[in-house]
Amino acid sequence: MQNDTLNDEYLEKLAIRYSIMDEYEMMESMRILHQRLISIHNSNSYISNVSVHILPIQKTISSSNSVSPIDMNKFELLRVSEGAMGAQLVQYEGKLYLTTLLDGKSSLSKKYMVEVEINTVALQEALGQFNIYADSGTYLIDLTHDVVISGKGNVENIRLEDFAENYTDFESDTIHHSKINGQNIYVLSVKSDYLNMLLLRYIPEKLIFVPVQDFYIWLWIFTGVGLLVLVLYSIYTYNLIQRPMRRLVSSFRRVESGNFNVHIEVIKKNEFGYLYQGFNSMVQNVSALIDQVYKQKILNQKSMLKQLQSQISPHFLYNSLFLINTMAKLKDENLIPFTKLLGEYFQFITKNDSDFLPLHEEVEHARTYTGIQQVRFSSRLTVNFEDCPAMVKDLQVPRLIIQPIIENVFKYTVENTREKAIISISFRLDDRALRIIVEDNGMNLTAQKLEGMKKLFYDETGSETSGLVNIHRRIRLIYGDDNGLHFERSSLGGLKVTLQLNPKVMV
């Protein structure tokens with residue numbers, strides 16, 4: 001509007017044609033020009049007054065004072081050179097003006113200047129609108145004339161030179177950091193190349209980080225809530241999955257160790273409740289099957305023991321009956337003692353009250369059998385029979401485990417030779433085992449026969465079920481695989497049979 005006013009028709013008339021204008025025409029031109037200046041004044045709140053200074057007629061026409069004589073001193077101080085780019089801000093007597101001068105050419109005498117007085121209070125209030133935060137402020141700087149306008153409400157103890165000594169170097173849309181009186185502030189700058197002005201706004205650092213501090217507060221709140229939710233979820237997951245799973249695994253380990261008296265109480269009807277019910281049913285079924293198999297095994301063992309026991313008797317019975325027949329024919333005086341011993345013998349083996357008896361009774365039975373055989377082979381038989389050790393005399397042992405071993409000696413050694421026979425029955429006891437040793441001096445035992453006997457007794461798949469094999473299997477069934485019969489050559493020259501028992505095994 002200022003530039004447009006320079007080319008105003010009535011302003012040009014007053015500056016050029018004033019000499020040929022009559023008084024009415026001059027007054028009318030001034031009136032119209034004055035009305036235009038009033039329109040410009042009223043068009044913007046930042047304008048305090050609009051004036052034109054016309055040198056040819058030495059008049060000043062303003063929107064507020066109408067027509068007055070020109071103040072040349074003011075004119076010279078406010079004038080700017082013609083052709084200056086942009087609006088020129090000039091300070092005069094504490095007020096701010098925008099002036100534009102039009103110098104007349106040498107052939108013309110027009111020379112006038114348009115002056116716009118800035119409403120400083122309105123401008124300061126406008127700048128103060130930026131100061132929405134406490135301890136903040138705004139400056140508008142005319143870099144051409146080094147004029148500074150401070151916003152209304154600026155902090156008095158913070159001056160422009162305190163934080164912007166070199167503000168002429170500030171660029172547009174930049175942020176600078178300063179420290180004033182121990183307070184950190186940020187300075188934002190916006191520059192207008194057309195006006196050659198710089199707008200600076202300063203804000204304390206603490207105000208900028210207030211939202212960030214609120215954000216941190218909410219961050220910690222959300223973090224705390226998140227951790228609380230995580231803890232609650234972990235507890236819920238532990239009670240829902242991990243704890244029931246550990247309970248199930250612990251129960252499986254107890255069953256694995258051989259404890260079948262395990263029952264998991266079903267509290268909830270969920271997946272683990274279904275697993276618990278299945279586990280309880282499985283343990284009951286397994287326990288029932290094990291009990292059934294165990295009982296069946298015991299019954300099979302007893303049946304086998306009965307069968308093995310019954311296989312021992314017939315061979316000796318036949319020989320004894322033939323011997324009684326011979327002794328009766330010869331009227332042998334040993335017939336009565338013999339039949340007494342024979343009766344005691346058969347009385348013992350026909351007892352069915354128990355499969356086990358004290359060791360001393362088994363030893364006495366073997367001694368009875370040996371006494372019967374001594375009657376038969378009195379002329380060429382020597383028997384060394386040790387007494388049963390007192391420490392193990394009441395030890396419960398299976399029936400008929402010693403006598404068959406002695407019987408084997410008579411069958412394969414005494415009966416098959418005419419030489420003098422020696423039989424030794426002894427006992428050895430230590431912390432690990434009780435050993436009953438039967439030896440003879442038979443000369444018919446070769447290394448091949450001894451090796452064959454060992455293979456026969458230690459062959460688990462063998463079908464032999466009589467004699468010493470039966471005793472060996474019975475002992476192993478009861479006392480374990482480390483026990484049973486062991487064969488080697490005796491120091492007497494014949495066979496040495498060692499019956500090994502574990503006295504610590506309860507039967």
Side-chain angles (χ1 to χ4, degrees), residues 1-126 140 142-145 147 149 192-197 199:
M1 290 188 296
Q2 188 182 46
N3 289 329
D4 289 342
T5 305
L6 288 175
N7 298 317
D8 184 80
E9 175 185 358
Y10 298 98
L11 179 57
E12 289 182 349
K13 283 182 181 181
L14 291 173
I16 299 174
R17 299 173 57 190
Y18 69 94
S19 59
I20 60 174
M21 295 175 64
D22 56 24
E23 185 176 357
Y24 172 78
E25 187 179 3
M26 185 174 288
M27 292 297 294
E28 184 66 15
S29 297
M30 289 183 181
R31 185 186 66 80
I32 295 173
L33 181 59
H34 179 249
Q35 291 296 324
R36 181 168 185 179
L37 296 179
I38 292 175
S39 298
I40 295 174
H41 180 190
N42 295 331
S43 66
N44 196 296
S45 61
Y46 298 115
I47 297 176
S48 179
N49 186 33
V50 181
S51 303
V52 290
H53 303 282
I54 307 173
L55 286 178
I57 62 174
Q58 292 292 303
K59 297 291 183 182
T60 298
I61 302 173
S62 67
S63 60
S64 58
N65 297 323
S66 185
V67 181
S68 62
I70 189 170
D71 185 350
M72 292 303 298
N73 184 47
K74 181 180 180 181
F75 178 86
E76 292 298 331
L77 291 175
L78 293 181
R79 66 180 290 179
V80 293
S81 60
E82 186 178 10
M85 300 299 295
Q88 302 299 317
L89 188 65
V90 180
Q91 191 172 21
Y92 175 74
E93 293 183 354
K95 297 180 180 180
L96 295 177
Y97 298 89
L98 285 174
T99 62
T100 303
L101 175 66
L102 180 63
D103 286 330
K105 297 179 181 179
S106 58
S107 58
L108 299 174
S109 61
K110 70 173 181 177
K111 191 172 185 181
Y112 49 85
M113 180 176 68
V114 179
E115 167 203 314
V116 178
E117 182 182 347
I118 302 297
N119 189 343
T120 307
V121 175
L123 186 58
Q124 287 179 333
E125 289 178 353
L140 181 64
D142 179 10
L143 299 176
T144 303
H145 302 93
V147 177
I149 304 173
S192 171
D193 293 330
Y194 175 76
L195 297 173
N196 197 26
M197 289 184 178
L199 178 65

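Only heavy atoms go into these numbers, but all of them, side chains included; no hydrogens, no water, no symmetry mates. For clarity, every value in this text was computed on a predicted model and none was experimentally measured.
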Next item on the list: Going by the side-chain contact (heavy atoms from CB on, under 4.5 Å) test, name the single residue among Thr99, Leu98, Leu96 that passes it with Val116.
Entry: Leu98
Next item on the list: Identify the heavy atoms of Ala15 and Pro56 that sit nearest to each other, and give their distance.
Entry: O-CG, 3.4 Å
Checklist line | Donor on one side chain, acceptor on other, Thr5 and Asn7, under 3.5 Å | finding: no
Note to self: When you compare the side chain of Lys59 with that of Ile70, does any pair of heavy atoms fall below 4.5 Å?
What the structure shows: no
Next item on the list: Please round to the nearest 0.5 Å and tell me the distance separating atom OG1 of Thr100 and atom CG of Leu78.
Entry: 11.5 Å
Check: Under 4.5 Å between any side-chain heavy atoms of Thr60 and Ile54, yes or no?
Finding: no
Margin query: Please determine whether a side-chain nitrogen of the Lys or Arg among Lys74 and Glu115 lies less than 4.0 Å from a carboxylate oxygen of the Asp or Glu.
Written below: yes
Check: Heavy-atom distance under 4.5 Å between the side chains of Gln91 and Lys95, does that happen here?
Finding: no
Next item on the list: Mind listing the closest non-hydrogen atom pair of Ser45 and Asn119 along with its distance?
Entry: O-ND2, 3.5 Å
Check: Hey, mind stepping through Met30 and Ile57 against side-chain contact (heavy atoms from CB on, under 4.5 Å) and telling me if it holds?
Finding: CA-CA 11 Å; Met30 289 183 181; Ile57 62 174; 3.8 Å; yes
Check: Does the side chain of Ser29 come within less than 4.5 Å of Met21's, by heavy atoms?
Finding: yes
Next item on the list: For atom CD of Gln58, decide whether the heavy atoms of other residues, nucleotides or ligands shown that lie under 6.0 angstrom number more than 12.
Entry: yes
Item checked: Spacing of Tyr10 atom OH and Leu33 atom CG [to the nearest 0.5 Å] -> 10.0 Å
Margin query: I want to check something: taking the side chain as every heavy atom from C-beta on, are Val52 and Met113 in contact at a cut-off of under 4.5 Å?
Written below: no
Item checked: Steps toward side-chain contact (heavy atoms from CB on, under 4.5 Å) verdict (Leu55, Met72) -> CA-CA 9 Å; Leu55 286 178; Met72 292 303 298; 3.6 Å; yes
Next item on the list: Please round to the nearest 0.5 Å and tell me the distance separating atom OG of Ser51 and atom CZ of Phe75.
Entry: 12.5 Å
Notebook entry, point to check: Under 4.5 Å between any side-chain heavy atoms of Leu14 and Ile61, yes or no?
Noted result: yes
Item checked: Heavy-atom pair of closest approach, residues Glu25 and Arg17 -> OE2-NH2, 4.1 Å
Notebook entry, point to check: Side chain of His34, backbone of Val67: donor and acceptor closer than 3.5 Å?
Noted result: no
Item checked: Test item: Tyr112 and Glu12 side chains (from C-beta on) under 4.5 Å apart, heavy atoms -> yes
Checklist line | Shortest non-hydrogen contact between Ile47 and Ile40, atoms and distance | finding: CD1-O, 3.5 Å
Next item on the list: Take atom CE of Met27 as the centre, draw a 6.0 Å sphere, and report whether it contains more than 12 heavy atoms from other residues, nucleotides or ligands.
Entry: no
Item checked: Tyr46 OH to Gln124 CD distance, which is reported to the nearest 0.5 Å -> 12.0 Å
Checklist line | Ser63 side-chain N/O to Val50 backbone N/O, donor-acceptor pair under 3.5 Å | finding: yes
Margin query: Please check: side-chain N/O of Ser66 versus main-chain N/O of Ser62, any donor-acceptor pairing under 3.5 Å?
Written below: no
